[in-house]
Amino acid sequence: MTGTAPGLRQRITQIMRDDQGRLLSALIRTLGSFDLAEDALQDAMERALVHWARSGLPDQPDAWLLQVARRSAIDKIRRKKRFRDKTGDIIRLIEEDQEDRSADPPEIPDERLRLIFTCCHPALDEKSRVALTLRVIGGLTTQEIARAFLDADTTMGQRLSRAKSKIQAAAIPFKIPERADWDERLNSVLSVIYLIFNEGWTAGPGDAPIRTGLCVEALWLARLLTKLAPDDPEIEGLLAMMLLAHARHKARFDPSGAFVPLDKQDRTTWDQGMIIEGLSILDRAVARRLPGPFQIQAAIGALHTQAETPEHTDWPQILLLYNRLAALMPSPVVYLNRAVALAETGNLSQARRALGDLAGPLAAYQPYHAAVAELARRDNDLTTARTAYDKAISQSKSDSEKRWLSDMRAKI
Amino acid sequence: MQYLALIYSEDGVGPQPEDPEFADYMAGYFKASKTYEEAGIMRGGNALQDTSTATCVRIRGGKTETMDGPFAETKERLGGYYVLDCTDLDQAIKMAELIPTAQHGTIELRPVMIIPGDT
């Protein structure tokens, strides 16, 4: 890639980021092979660097890339032909190639929904689903993903290539799941997007540029999903929930980089545009009358963002929502949040008992100890509060959070 | 694509021959096999005798060594298998769900390797 004008390379990188998922999914659709499609697209990108440096950007770079990738795939299939008869594939590819030349402008079918379901297939392990989705749909480089997840480049590269080999070898399908499987499989996709968001959200300000980028990436993926599979209330619920959270991201750290909890945030710095968008998406979802965990979490986020001051927060309503969420998703973290809401509605001793029940499952979860500490402090049980802060501090991975927790402990 | 469905379960877990529900359990196997036959995807399958009947064989330094017992002593034991010819992993998963042992044990799906030039 040496000798290419930096501007052009940047432009190509941008095109690849924007179009990779669409081009790759269109290629997989014709070729029936994830590996072959990726190799062919890689080839096309490399040729684009040389060709475009010489003759400038074509009118439709995406169509150009697709056509060159198809020809590269034809070559690859021909070379392999002695192993297996692939004549049918070649004919189909050539036909498509010619159709494209006559059609103006050529239309690239958007098959990304299939690709998302492939990347988030439950037969792949969770971390691989996340990495693969960012790589293949989001167009991030392996290095970018490795950095965002604090992994070594080679480790991440191996993880990605293992996942791709499994897709090929185990014939993980490239298709939209049947109705009967839709909810379960969609949930796997939504969890992946939420994990990406959460990874960015829990990052401190020190590594902010790379990692808060993950929040933006998750929002982009959720928006894409609302376009590819419109009318699904849980997709809308996830997007609304993330928008309502991300709207507050600037207020979460002060100029010195110290963590600022929700009730101390400067609410004027919340992004009103994002809040309005989040609320309207949530309204649309709720109107479909098919409640689900992400819609409920978005509704909780909405109540937080709608309170003009922390004192105006509608905690009784939040508690009701956590009760509903716990009924749908009885996880310890949900019960933890429910306990905090209980305390905020004035049931401190009940809340502390509820936290006591979670000591086992959440022993290694930093927010649990922070909550135990805070409620113990309010209850004047200062010994418990100090011990719990110590645990929270030792488990926190972010410097600014550690600093905040230490300040809280010192104030006791 | 052919998948080998390996049927694992823990000894003494699930319906035992003396249990009243054992007949239903076996009927589940006949039903699964019949479904595979009718779908035209059945390429084989058998129940295996207990791991206490297993023998391991290996050759080291040109000498044959035989050992009593299964290859790996694990809680969950291989009790049988099917070979199913499915369109993709999703179909294989759907078919594996029909195996009664999935209710208390685990089915491992392994795609059968395609050797180039073999077809």
Side-chain angles (χ1 to χ4, degrees), chain A residues 25 28-29 31-37 39 76-89 111 113-125 128-129 132 162-189, chain B residues 1-9 28 31-45 72 74-76 78 80-119:
Chain A
S25 56
I28 297 173
R29 186 71 205 274
L31 299 170
S33 160
F34 196 100
D35 271 359
L36 183 59
D39 280 358
K76 286 182 208 298
I77 291 171
R78 277 201 189 118
R79 259 178 275 141
K80 277 195 188 163
K81 205 188 150 197
R82 58 197 175 94
F83 291 125
R84 262 187 293 164
D85 187 30
K86 285 273 190 183
T87 328
D89 293 328
E111 304 283 5
L113 189 57
R114 290 165 187 269
L115 192 54
I116 290 174
F117 277 108
T118 307
C119 292
C120 297
H121 198 282
L124 298 169
D125 85 19
S128 301
R129 288 180 225 165
L132 204 56
R162 260 201 314 273
K164 286 180 213 161
S165 317
K166 181 165 182 187
I167 290 174
Q168 192 70 24
I172 291 178
F174 178 69
K175 68 180 185 203
I176 294 158
E178 293 161 25
R179 259 289 123 197
D181 303 327
W182 175 265
D183 287 350
E184 197 190 327
R185 294 287 308 279
L186 177 67
N187 198 42
S188 176
V189 173
Chain B
M1 162 133 349
Q2 291 194 6
Y3 295 85
L4 177 61
L6 297 154
I7 303 163
Y8 286 95
S9 68
K31 205 174 148 209
S33 299
K34 194 162 168 259
T35 307
Y36 304 154
E37 298 278 7
E38 283 172 2
I41 61 169
M42 177 76 127
R43 297 292 176 271
T74 49
K75 240 161 100 191
E76 301 230 304
L78 181 64
Y81 68 91
Y82 281 107
V83 179
L84 303 172
D85 197 351
C86 299
T87 49
D88 56 35
L89 186 62
D90 279 2
Q91 192 196 4
I93 292 170
K94 280 246 156 351
M95 293 299 120
E97 285 168 1
L98 302 177
I99 300 173
T101 304
Q103 303 288 338
H104 61 269
T106 305
I107 316 299
E108 178 179 332
L109 290 171
R110 294 282 296 272
V112 173
M113 194 185 278
I114 300 164
I115 310 291
D118 219 24
T119 39

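These values consider heavy atoms only, across backbone and side chains, with no hydrogens, waters or symmetry-generated copies. Predicted model, so just to flag it, every value in this text is computed and none were measured.
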Would you say that B/Asp90 contacts A/Asp181 through its side chain, given a criterion of any heavy-atom pair below 4.5 Å between the two side chains?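 No - every pair of side-chain heavy atoms lies 4.5 Å or more apart.
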Check: B/Tyr82 side chain, B/Ile7 main-chain N or O, donor-acceptor pair, under 3.5 Å: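 No.
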Roughly how far apart are [X] [atom1] and [Y] [atom2], rounded to 0.5 Å?
{"X": "A/Lys164", "Y": "A/Asp35", "atom1": "NZ", "atom2": "CG", "answer": "8.0 Å"}
{"X": "A/Phe34", "Y": "A/Ile172", "atom1": "CZ", "atom2": "CD1", "answer": "9.5 Å"}
{"X": "A/Ile176", "Y": "A/Leu113", "atom1": "CD1", "atom2": "CG", "answer": "4.5 Å"}
{"X": "A/Lys166", "Y": "A/Leu132", "atom1": "NZ", "atom2": "CG", "answer": "12.5 Å"}

Within residues 98-108 of chain B, residues adjacent to chain A where the heavy-atom gap is under 4.5 Å: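 At a heavy-atom separation under 4.5 Å, chain A is reached by no residue of residues 98-108 of chain B.
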Is there any residue in residues 31-42 of chain B with a non-hydrogen atom under 4.5 Å from a non-hydrogen atom of chain A, and which ones are they? none
Using side chain to side chain contact (heavy atoms under 4.5 Å, CB included), reason through A/Phe174 and B/Asp88 one step at a time and then give a plain yes or no. CA-CA 9 Å; A/Phe174 178 69; B/Asp88 56 35; over 6 Å; no
[X] to [Y] - nearest heavy-atom pair and separation:
{"X": "A/Ala170", "Y": "B/Met1", "answer": "C-SD, 4.3 Å"}
{"X": "A/Trp182", "Y": "A/Pro177", "answer": "CE3-O, 4.2 Å"}
{"X": "A/Ile28", "Y": "A/Ala37", "answer": "CG1-CB, 3.5 Å"}

At a heavy-atom distance under 4.5 Å, which candidate from B/Gln91, B/Arg110, B/Lys94 has the highest pair count against chain A?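 Heavy-atom pairs under 4.5 Å are most numerous for B/Lys94.
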Between B/Leu109 and chain A, which part of the residue has a heavy atom less than 4.5 Å away: side chain, backbone, both or neither? neither
Output all residues satisfying side chain to side chain contact (heavy atoms under 4.5 Å, CB included) with B/Asp85, sequence neighbours left out; order by chain, then residue number. B/Gln2, B/Arg43
Strictly less than 4.5 Å between heavy atoms, which residues of residues 116-125 of chain A line up against chain B? Please order them by number.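 Within residues 116-125 of chain A, the residues that come under 4.5 Å of chain B (heavy atoms only) are A/His121, A/Ala123.
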